[in-house]
Enquirer: 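First the structure, which I've put down as structure tokens, then a few questions once you've had a look.
Computed over heavy atoms, backbone and side chain alike; hydrogens, waters and symmetry mates excluded.
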Amino acid sequence: MNTSYLKTFIEVINMRNISKTAEKLFITQPAVSKQLQLLEKDFGTTLIKKNGREIMPTEEGLILYKYAKSILNEEEEIYSLFKNENKITGKLTIYSSSLPADYYIHDLVSEFSTIYPDVTFCIKKVDSKKVYSTIENGLTSFGFTGNKYKNNKIQTICIATDEVVIVTSKKREKEFKDKSIDIKMLMSQDFIIREKGSATLQIFEEYLKENQLKLEDLNIKIQAEDNELIKKFVKCNMGLAILPKKAVEKEIQDGTLILVNVKELKLKRRLYYVFNKDRYFSKTENKFKDYITNKFSKGAE
């Protein structure tokens, strides 16, 4: 039995799709199909079946899936016993929402890289909702996000806390500096906001809901996918923006942006490392998960 075929089988069951599995493992679709056929021939049973467009495990396939994960984990441990534990190689693909990607994970990646210098990284910046969907669809086993979605299979570890604030241009300093405005005045302003799926925007939407309002009640001037682009529009005095405080610390300090104080507006948020506890982790992914777990053990949820 070739254990590399077991890894392919696990990914097919995780992703429920042969072409996506081939893309993730950097092999051809015929190679994936051939490995599945060889496994079925080896075990003398049918392991997968089609359910519409999806690939599903048979009852025998579910049994193999359970044991295959254990076998691969044991294999990694055996290799670790006979090889230099610190000699970890491979490529980590990290899906992250904008705030952790822009302001937090560079320190984590840098520190991990000093411990395991032979590991390479690919960082993909997407919104929080996309991070979860890539995990659920099996494209990755973990990611970083500014939000939590209900999913019993996905666990979270808090890596940082931040605050959501409203900022405007220095040109409006006389209008807003050292003043506290009510929500009625807030709703009369033009806004530059993040796209749907952003954790920052979702937190503000919850605040609006508490005040019997909705996002559509805002005067939305511009909707953009990037915090840095939003800040540029704000500096041009095109409206107010809802942004993580971490993202505007420098601008507030140098005076190019000012905080807009809104009565009873206290929006705290957490940032998370999220992972699927039931998915197979490569040796490199396991090392990274261990590193995060040890560093932020008190933030596990």
Side-chain angles (χ1 to χ4, degrees), residues 95-104 124-133 144-150 160-272:
Y95 285 82
S96 174
S97 61
S98 59
L99 185 60
D102 290 338
Y103 305 103
Y104 289 95
K124 295 181 179 290
K125 187 164 73 169
V126 296
D127 62 43
S128 292
K129 194 172 183 180
K130 182 71 173 178
V131 173
Y132 271 82
S133 68
F144 291 90
T145 177
N147 210 347
K148 290 175 69 175
Y149 294 93
K150 291 182 179 179
T161 58
D162 193 29
E163 183 180 353
V164 174
V165 297
I166 298 176
V167 294
T168 191
S169 167
K170 180 179 172 60
K171 298 173 184 177
R172 303 185 71 178
E173 188 171 13
K174 290 183 179 179
E175 186 178 354
F176 290 109
K177 184 112 174 130
D178 300 324
K179 295 179 182 177
S180 183
I181 66 172
D182 59 23
I183 194 166
K184 183 177 180 181
M185 182 178 177
L186 183 69
M187 300 304 288
S188 69
Q189 305 297 315
D190 287 337
F191 274 88
I192 304 158
I193 66 170
R194 285 285 307 276
E195 79 290 356
K196 284 282 188 179
S198 158
T200 299
L201 187 61
Q202 184 173 334
I203 289 170
F204 186 69
E205 283 187 273
E206 291 170 0
Y207 164 76
L208 292 176
K209 189 176 180 181
E210 290 172 1
N211 288 274
Q212 288 74 54
L213 295 166
K214 54 185 182 293
L215 194 64
E216 289 73 20
D217 294 326
L218 293 179
N219 299 322
I220 300 173
K221 187 84 171 178
I222 299 172
Q223 195 163 4
E225 295 186 356
D226 184 77
N227 289 338
E228 296 301 315
L229 180 59
I230 290 173
K231 286 191 288 185
K232 289 179 181 178
F233 283 125
V234 177
K235 290 176 183 178
C236 292
N237 201 23
M238 295 193 69
L240 277 59
I242 306 115
L243 289 168
K245 193 170 185 178
K246 184 74 173 178
V248 293
E249 282 180 341
K250 181 178 179 297
E251 289 78 8
I252 292 171
Q253 188 174 3
D254 63 27
T256 55
L257 294 178
I258 63 170
L259 288 172
V260 176
N261 297 309
V262 181
K263 293 177 182 177
E264 300 179 355
L265 180 67
K266 298 285 185 184
L267 304 180
K268 296 289 185 180
R269 63 178 296 183
R270 292 182 173 187
L271 304 178
Y272 301 97

Enquirer: Using modelled atom types and a 3.5 Å cut-off, is there a donor and acceptor pairing between side-chain atoms of Asp182 and backbone atoms of Lys184?
Expert: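 Yes: the side chain of Asp182 pairs with the backbone of Lys184.
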Enquirer: So which atom in Leu215 and which in Ile220 form the shortest heavy-atom distance, rounded to 0.1 Å?
Expert: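 Looks like O-CD1, 3.9 Å.
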Enquirer: Scan for salt bridge (charged side-chain N to carboxylate O under 4.0 Å, His left out) pairs involving residues 196-207, sequence neighbours excluded, and state none if there are none.
Expert: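 Found Lys196-Glu205.
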Enquirer: Which heavy atom in Ala224 sits nearest to a heavy atom in Ile230, and how many Å separate them?
Expert: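 For Ala224 versus Ile230, the nearest heavy atoms are CB-CG1, 3.9 Å.
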Enquirer: Which residue pairs satisfy the side-chain hydrogen bond (donor to acceptor under 3.5 Å, both in side chains) criterion with at least one member in residues 250-264, sequence neighbours excluded?
Expert: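 Only Lys231-Glu251, Asp254-Thr256 qualify under side-chain hydrogen bond (donor to acceptor under 3.5 Å, both in side chains).
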Enquirer: Not counting sequence neighbours, which residues clear side-chain hydrogen bond (donor to acceptor under 3.5 Å, both in side chains) with Ser198? List them please.
Expert: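 Counting only residues at least two positions away or on another chain, Ser198 forms no side-chain hydrogen bond (donor to acceptor under 3.5 Å, both in side chains).
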Enquirer: In chain order, what residues pass the ring pair (Phe, Tyr, Trp, His ring centres under 6.0 Å) check against Tyr132, with sequence neighbours excluded?
Expert: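 If we apply the ring pair (Phe, Tyr, Trp, His ring centres under 6.0 Å) test to Tyr132, skipping adjacent residues, the hits are Tyr149.
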Enquirer: Flag the pair Met187 / Leu218 as yes when at least one side-chain heavy-atom distance between them is below 4.5 Å, and no otherwise.
Expert: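 Yes, at least one pair of side-chain atoms sits under 4.5 Å.
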Enquirer: Using the side-chain hydrogen bond (donor to acceptor under 3.5 Å, both in side chains) criterion, which residues pair with Glu225? Sequence neighbours excluded.
Expert: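 With neighbours one apart ignored, the set is empty.
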Enquirer: Evaluate Ile166 against Val262 for side-chain contact (heavy atoms from CB on, under 4.5 Å), listing each step before the verdict.
Expert: CA-CA 8 Å; Ile166 298 176; Val262 181; 3.9 Å; yes
Enquirer: Could you measure the distance from the CD atom of Glu195 to the CG atom of Asp226? Nearest 0.5 Å is fine.
Expert: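 Result: 9.0 Å between the selected atoms.
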Enquirer: Just to verify, what does Lys124 make a side-chain contact (heavy atoms from CB on, under 4.5 Å) with, not counting sequence neighbours?
Expert: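 Lys124 satisfies side-chain contact (heavy atoms from CB on, under 4.5 Å) with Thr93, Tyr95, Cys122 once adjacent residues are dropped.
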Enquirer: If the condition is salt bridge (Lys or Arg N to Asp or Glu O under 4.0 Å), which residues does Lys174 pass it with, not counting sequence neighbours?
Expert: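 By the salt bridge (Lys or Arg N to Asp or Glu O under 4.0 Å) rule, Lys174 matches no residue at all.
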Enquirer: Could you list the residues that satisfy side-chain contact (heavy atoms from CB on, under 4.5 Å) with Lys171, not counting sequence neighbours?
Expert: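 Testing Lys171 for side-chain contact (heavy atoms from CB on, under 4.5 Å), a comparison that skips the adjacent residues, returns Ser169, Asn237.
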Enquirer: For the residue pair Val234 and Val248, establish whether any side-chain heavy-atom pair is separated by less than 4.5 Å.
Expert: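 Answer no - side chains too far apart.
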Enquirer: Quick one: list whatever passes side-chain hydrogen bond (donor to acceptor under 3.5 Å, both in side chains) with Tyr103, sequence neighbours left out.
Expert: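 Applying side-chain hydrogen bond (donor to acceptor under 3.5 Å, both in side chains) to Tyr103 gives Glu228.
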Enquirer: Could you check whether any side-chain heavy atom of Ile242 comes within less than 4.5 Å of a side-chain heavy atom of Thr200, counting everything from C-beta outward?
Expert: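 Yes - at least one pair of side-chain heavy atoms lies under 4.5 Å apart.
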Enquirer: Okay, side chain of Ser97, backbone of Ser128: is any donor-acceptor separation there less than 3.5 Å?
Expert: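 Judged by distance alone, no pair lies under 3.5 Å.
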Enquirer: Is the closest side-chain heavy-atom distance between Lys268 and Thr161 below 4.5 Å?
Expert: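 When only atoms from C-beta onward are counted, Thr161 and Lys268 do not touch, as no gap falls below 4.5 Å.
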Enquirer: Just to verify, what does Asn227 make a side-chain hydrogen bond (donor to acceptor under 3.5 Å, both in side chains) with, not counting sequence neighbours?
Expert: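 If we apply the side-chain hydrogen bond (donor to acceptor under 3.5 Å, both in side chains) test to Asn227, skipping adjacent residues, the hits are Arg194.
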Enquirer: What's the separation between atom CD1 in Ile222 and atom NZ in Lys232, rounded to the nearest 0.5 Å?
Expert: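 It comes to 13.0 Å.
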Enquirer: Distance from Asn211 atom CG to Ile183 atom CD1, nearest 0.5 Å?
Expert: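 Nearest 0.5 Å value for the CG-CD1 distance: 3.5 Å.
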Enquirer: Identify the two heavy atoms, one from Tyr272 and one from Asn147, that lie closest to each other, and give their separation to 0.1 Å.
Expert: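 Smallest interatomic distance, heavy atoms only, reads CD1-O, 3.9 Å.
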Enquirer: Check side-chain contact (heavy atoms from CB on, under 4.5 Å) between Gln189 and all other residues, then give those that pass, not counting sequence neighbours.
Expert: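 Testing Gln189 for side-chain contact (heavy atoms from CB on, under 4.5 Å), a comparison that skips the adjacent residues, returns Arg172, Glu175, Phe176, Met185, Phe191, Leu240.
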Enquirer: Testing the basics here: between Pro244 and Val165, what is the closest heavy-atom pair and its distance to 0.1 Å?
Expert: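 Nearest pair, atom of Pro244 first, then Val165: C-CG2, 4.5 Å.
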Enquirer: Among all residues two or more places apart in sequence or in another chain, which pass the side-chain contact (heavy atoms from CB on, under 4.5 Å) test with Glu216?
Expert: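 Here the qualifying residues are Lys214.
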Enquirer: Assess whether atom NZ of Lys235 is packed by more than 12 heavy atoms of other residues, nucleotides or ligands within 6.0 Å.
Expert: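 More than 12 heavy atoms, drawn from other residues, nucleotides or ligands, come within 6.0 Å of this atom.
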Enquirer: Of all the heavy-atom pairs spanning Ser98 and Lys125, show the shortest one and how long it is.
Expert: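 For Ser98 versus Lys125, the nearest heavy atoms are CA-CD, 3.8 Å.
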Enquirer: Going through the distances and angles, do Leu99 and Tyr104 end up as a side-chain contact (heavy atoms from CB on, under 4.5 Å)?
Expert: CA-CA 7 Å; Leu99 185 60; Tyr104 289 95; 4.1 Å; yes
Enquirer: Can you measure from CD (Glu210) to CG (Leu265) and round to the nearest 0.5 angstrom?
Expert: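 Separation between the atoms: 10.0 Å.
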Enquirer: Roughly how far, to the nearest 0.5 Å, is the CG atom of Leu243 from the CG atom of Leu201?
Expert: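 One finds 10.5 Å between CG of Leu201 and CG of Leu243.
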Enquirer: Could you please spell out the steps behind the side-chain contact (heavy atoms from CB on, under 4.5 Å) verdict for Val164 and Asp162?
Expert: CA-CA 7 Å; Val164 174; Asp162 193 29; over 6 Å; no
Enquirer: Mind checking the NZ-CD1 spacing from Lys170 to Ile258? Nearest 0.5 Å is all I need.
Expert: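 Interatomic distance, Lys170 NZ to Ile258 CD1, rounded to 0.5 Å: 8.0 Å.
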